[in-house]
Structure formats: structure tokens, C-alpha cells
Amino acid sequence: MSGMAKLFGLPAPALANARVLELGCSFGGNLLPMAMQYPNAQFTGADLSQVQIDYANKIKGELGVNNITFRQANILDLAKESAQYDYIITHGVYSWIPPEVQSAMLELYGKQLSPNGVGYISYNVYPGWKMREVVREMMLFHVGHLKDTTTKLAQARAILQYAGKLHASNQAAFGRLMAEEANLLMRCSDSYIYHEHLEANNRPCYFHEFVGAAAKHGLSYLGESSLSDMLPDRHGADLANTARQISDGNIIACEQYVDLLTNRAFRQTLLVRADRSAAVQRALSPASFRDLHVSAQLKPATAAPALQTTKTQQPAVHAVYNDVHGRQINANQPHAKIMIDTLVAASPYTVPFTQVVQAVAARSEEHTSELQSRLHLVCRLLLEKK
């Protein structure tokens with residue numbers, strides 16, 4: 001959250017002594033490691049479940065962590081308070097609460113986010129959830145008369161399995177979508193199925209609707225928690241150019257067009273106070289990265305391939321890497337290989353941006369002696385679709 005704010009040119013509160021609030025903190029699995037890493041910061045975790053809070057306090061005591069407070073509380077009540085926080089986090093809650101509680105959550109962010117603070121909210125979005133709603137409603141109808149949770153889950157899986165089998169060879173659009181979604185859910189855990197599909201509330205929305213709701217409470221869109229989620233180029237140059245053109249420079253419209261054209265189903269959005277929106281610098285440059293660190297969760301797929309020497313228009317592949325999802329990434333430029341190799345060698349730790357620049361310059365066969373030239377080169381490599 002701090003890094004993304006700095007990337008877009010906004011000052012962010014120092015992590016060392018930050019005030020952090022997490023809504024829906026569960027047993028503290030997110031906050032406790034941060035509290036241990038930053039002993040001079042102050043952390044507050046709130047959850048509706050007293051069972052989760054009791055467990056969080058038990059772990060807190062066993063670890064001897066003194067800079068964190070866990071409390072059982074309702075968002076409706078928390079929204080009436082006036083405490084200020086530098087970072088507010090809500091993961092896996094917004095889409096699963098009634099509209100009045102959603103509004104109270106955004107009211108809390110608007111009132112309690114410090115002047116330079118950053119807020120995080122994750123939520124389900126359309127159009128990706130359109131088909132998932134059909135599957136959810138099918139399961140809810142099938143298990144609606146049941147009371148026992150174990151039986152509900154068993155029957156939910158039973159109707160999923162039947163739907164997947166029924167449409168296994170159906171080549172119509174609905175059949176393919178139903179079979180794909182059913183088979184995907186069959187591989188998910190019981191807790192995921194129950195939370196995503198069998199809870200009473202699951203209210204996806206369009207991205208622009210969420211931004212509009214946040215604006216009513218004095219909040220503005222900063223970006224997503226991951227930079228790659230904001231780069232339309234990852235879907236290809238044609239989609240990226242089209243989305244930018246038809247959105248006419250409007251970042252909200254551009255993001256919404258990309259969602260619609262790629263069937264996005266989930267977002268992890270960062271918010272800031274509305275009075276900071278004019279200061280956001282969306283045109284990224286070397287200066288945006290200068291004080292930041294870079295990391296990569298990649299592994300070489302095979303030994304370095306021999307460089308292509310044919311006269312085809314296919315780019316030479318200098319190296320191939322696998323990401324954590326098993327996808328392959330090709331380094332089609334020698335500079336890209338040097339950059340990725342530098343990050344892989346340091347993994348799981350980060351590397352200062354300037355150090356990546358130095359590594360590329362030191363090992364590059366091309367002329368990159370001028371500092372500005374090297375900075376722009378690495379900046380472009382970080383932002384382009386691999």
C-alpha cells in the first residue's frame with residue numbers, strides 16, 4: 001500500500017510508526033507478522049466473531065506481541081468512532097455484507113483515514129461474477145432447506161459434480177461456462193465454497209459502481225494493490241490501445257473497459273482521500289521507481305536456450321522462466337534476461353531499483369552508459385508485457 005502510493009507520486013506514512021486498522025482480521029494472521037516486524041507501529045484488528053478475537057489474543061499472548069489490539073466489534077459501531085489510521089485494510093468482507101454495512105465501511109474509511117493514509121478493500125466484481133452467480137444460485141436453491149453445514153457442503157458439491165458431468169460435452173456457450181465453473185469449484189476447499197457461494201450475502205458490483213460509492217464518502221481511486229493488475233498491456237497491445245482510446249484518458253473508464261473485455265471477477269483496490277486525487281501521477285517514469293525496491297517470484301524453466309539465428313520475425317528468446325502459477329515468461333531481450341536474473345538471484349528478497357539499473361548497465365553489451373538511458377530502459381522493462 002505504501003509502495004503503490006509512492007509509485008504514483010503520493011507521500012505515504014512511514015511504516016515504522018504507522019497506525020494500522022484491519023476490519024475482519026480473523027485470528028490475526030495478517031496483522032501479527034506486521035506487528036512483529038514493526039514494533040513501534042500500532043495495530044488494531046477488529047472482527048465480528050468473538051471466537052476469532054479470542055484465538056487472536058491467545059496467539060498474541062504466546063508470541064509476546066504488545067503493539068497490537070484485537071477487539072470484537074461491528075462495522076456499524078466502528079464507523080461512529082473518530083480514531084485516525086494511516087493504513088486501513090479490509091480483505092474478503094465488502095462483498096459479503098449487506099448494503100448498509102458496505103456504506104458504513106466506506107464512511108469509516110472516509111472519516112478515519114489519516115490525511116496521507118491509504119486504504120485497501122477487496123471485493124467481487126462483474127462481469128466475471130455473472131456466471132458465478134448462476135452457479136451460486138443453483139447451489140443455494142439446492143441446499144436452501146438444509147440446516148447442517150456439513151450436509152449443505154456435501155449437497156453443494158453433489159449438484160456441482162452433476163452440472164459438470166451434464167455439460168461436459170456441451171459446446172454451447174452456457175454449457176462450456178457451466179462445466180468450467182463447476183469443475184473449477186470442485187477443486188476448491190470447503191471453506192471457499194461456503195464463504196463465496198453459500199453465505200447469505202455475496203454482492204458483486206461493477207468497478208465503476210464501487211468507485212462511485214467510495215466517492216460519496218470523500219474517497220478517491222489510487223490503484224490496485226498490484227501494479228500488474230493495472231497494466232492493460234498484459235492482455236495484448238490491441239486491447240490496451242483500444243481501452244485507452246475509448247476511455248479518453250479517464251482511468252476509471254479504462255479500468256472498467258478492461259474488466260468488461262476480460263471478464264474480471266475480483267479486485268483489490270487502494271483508496272485515498274479525495275483531496276489527494278489531483279496529486280496522483282499516473283504517467284510512470286524512472287523517477288517513480290527511483291526510491292522503490294523490486295522483486296520477482298520466478299524460476300528458470302530450463303537451461304538458457306540457444307539464441308535464434310533465423311531471419312524470421314519471431315523475437316529471439318534469451319531465457320524462459322516460470323512464475324508461481326506455472327505460467328511461462330520469455331525474456332525476448334538481453335536486457336530483460338539480465339534484469340530478471342538479478343531479481344531471481346535475490347529472491348525472495350527485494351532489490352533496489354537503482355541496483356537493478358546498475359546490474360543491467362554493468363552486464364549489457366549495448367551502449368547504456370548514460371544514467372538517464374539506463375533508467376528509462378529498466379523502467380520500460382518493468383512495465384512492458386513479458
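Computed from a prediction, not measured in an experiment: that's the story for all the values here.
Formation of a donor-acceptor pair under 3.5 Å by the Q52 side chain with backbone atoms of S49 is not found in this model. At least one donor-acceptor pair under 3.5 Å links the side chain of R234 to the backbone N or O of L231. Remark: side-chain polar atoms of N330 are not paired, donor with acceptor, to backbone N or O of N332 under 3.5 angstrom. Checked by atom type and distance alone, the side chain of Q102 pairs as donor or acceptor with a backbone atom of Y94 at under 3.5 Å. Side chain of R273 to main chain of G110: a donor-acceptor pair is present (N/O by atom type, distance under 3.5 Å, no hydrogens or angles). A donor-acceptor pair is defined here as one N or O able to donate and one able to accept, closer than 3.5 Å; such a pair exists between the side chain of N67 and the backbone of A41. Judged by distance alone, the side chain of K60 and the main-chain N or O of I68 form a donor-acceptor pair under 3.5 Å. Judged by distance alone, the side chain of S103 and the main-chain N or O of P99 form no donor-acceptor pair under 3.5 Å. No donor-acceptor pair under 3.5 Å is formed between the side chain of R132 and the backbone N or O of V134. Side-chain atoms of D47 come within 3.5 Å of backbone atoms of S26 as a donor-acceptor pair (strictly under, hydrogens ignored).
Applying the 6.0 Å contact sphere to CG of D148 captures more than 12 heavy atoms from other residues, nucleotides or ligands. Annotation for Q268: atom CD counts as buried by contact number, over 12 foreign heavy atoms lying within 6.0 Å. Under a cut-off of 6.0 angstrom, the local environment of CG in D248 is sparse, with at most 12 non-hydrogen atoms contributed by other residues, nucleotides or ligands.
You'll find the side chain of L298 stays beyond 4.5 Å of the side chain of L343, heavy atoms only. L219 is not listed as a side-chain neighbour of V272, based on a closest heavy-atom distance of 4.5 Å or more. Put simply, the side chain of T44 does not reach to within 4.5 Å of the side chain of E22, judged on heavy atoms.
For R267 and D259, the salt-bridge test passes: some basic side-chain N is under 4.0 Å from an acidic carboxylate O. Checked for salt-bridge contact, K130 and E137 miss the test: no charged N lies under 4.0 Å from a carboxylate O. One finds no salt bridge joining R176 and E180 here, because no Lys/Arg side-chain nitrogen approaches an Asp/Glu carboxylate oxygen to under 4.0 Å. Using a cutoff of 4.0 Å between basic side-chain nitrogens and carboxylate oxygens, E196 and R136 are not scored as salt-bridged. Between R244 and D233 there is a salt bridge, since at least one side-chain N of the basic residue sits less than 4.0 Å from a carboxylate O of the acidic one.
A donor-acceptor pair shorter than 3.5 Å cannot be found between the side chains of Q245 and N241. Between H217 and E107, the side chains place no donor N or O within less than 3.5 Å of an acceptor N or O (distance only, hydrogens not considered). Side chains of Y194 and S189: a donor-acceptor N/O pair is absent below 3.5 angstrom, by distance only. In summary, the side chains of D86 and S114 do present a donor paired with an acceptor at a separation below 3.5 Å, with no hydrogens or angles considered.
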Legend entry - Check against ring-ring contact (aromatic ring centres under 6.0 Å, His included), Y349 and H293: CA-CA 9 Å; Y349 302 104; H293 286 225; over 10 Å; no

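A35 and F43 make their closest contact through CA-CE1, 3.4 Å (heavy atoms, listed as atom of the first residue, atom of the second, distance). The shortest non-hydrogen separation linking A5 to V118 is CB-CG2, 3.9 Å. The minimum heavy-atom distance between Q72 and Q50, with the atom names listed, is CB-OE1, 3.1 Å. When all heavy atoms of R282 and Y221 are compared, the pair lying nearest together is NH2-O, 2.9 Å. In plain terms, the two heavy atoms of A156 and L198 that are nearest each other are CB-CD1, 4.1 Å. Shown here for P232 and L239, the closest heavy-atom pair between the two residues is O-CD2, 4.4 Å.
Note: I59 CD1 to D54 CG = 11.5 Å, rounded to the nearest 0.5 Å. Remark: L227 CG to M4 CE distance equals 5.0 Å, nearest 0.5 Å. The structure places CG of L382 at 11.0 Å from OG of S288, a figure rounded to the nearest 0.5 Å. Atom CD1 of residue I340 and atom NZ of residue K299 lie 15.5 Å apart, to the nearest 0.5 angstrom. Once rounded to the nearest 0.5 Å, the distance linking NZ of K152 with CG of L140 reads 8.0 Å. Interatomic distance, CG of N183 versus NZ of K165, reported as 12.5 Å (0.5 Å rounding).
Aromatic pair H91/W96: centroids not less than 6.0 angstrom apart.
Under the side chain to side chain contact (heavy atoms under 4.5 Å, CB included) test applied with Q256, the options H208, E209, R264 reduce to a single match, H208.
Follow the hydrophobic side-chain contacts under 4.5 Å out from M230 and you never reach F266; the two are in separate clusters.
Listed by first then second residue, pairs satisfying ring-ring contact (aromatic ring centres under 6.0 Å, His included) with a partner in residues 46-65 read F27-Y55, not counting sequence neighbours.
Between Y123 and F210, the ring planes are parallel. Angles under 30° get that label, and only those over 60° would be called perpendicular.
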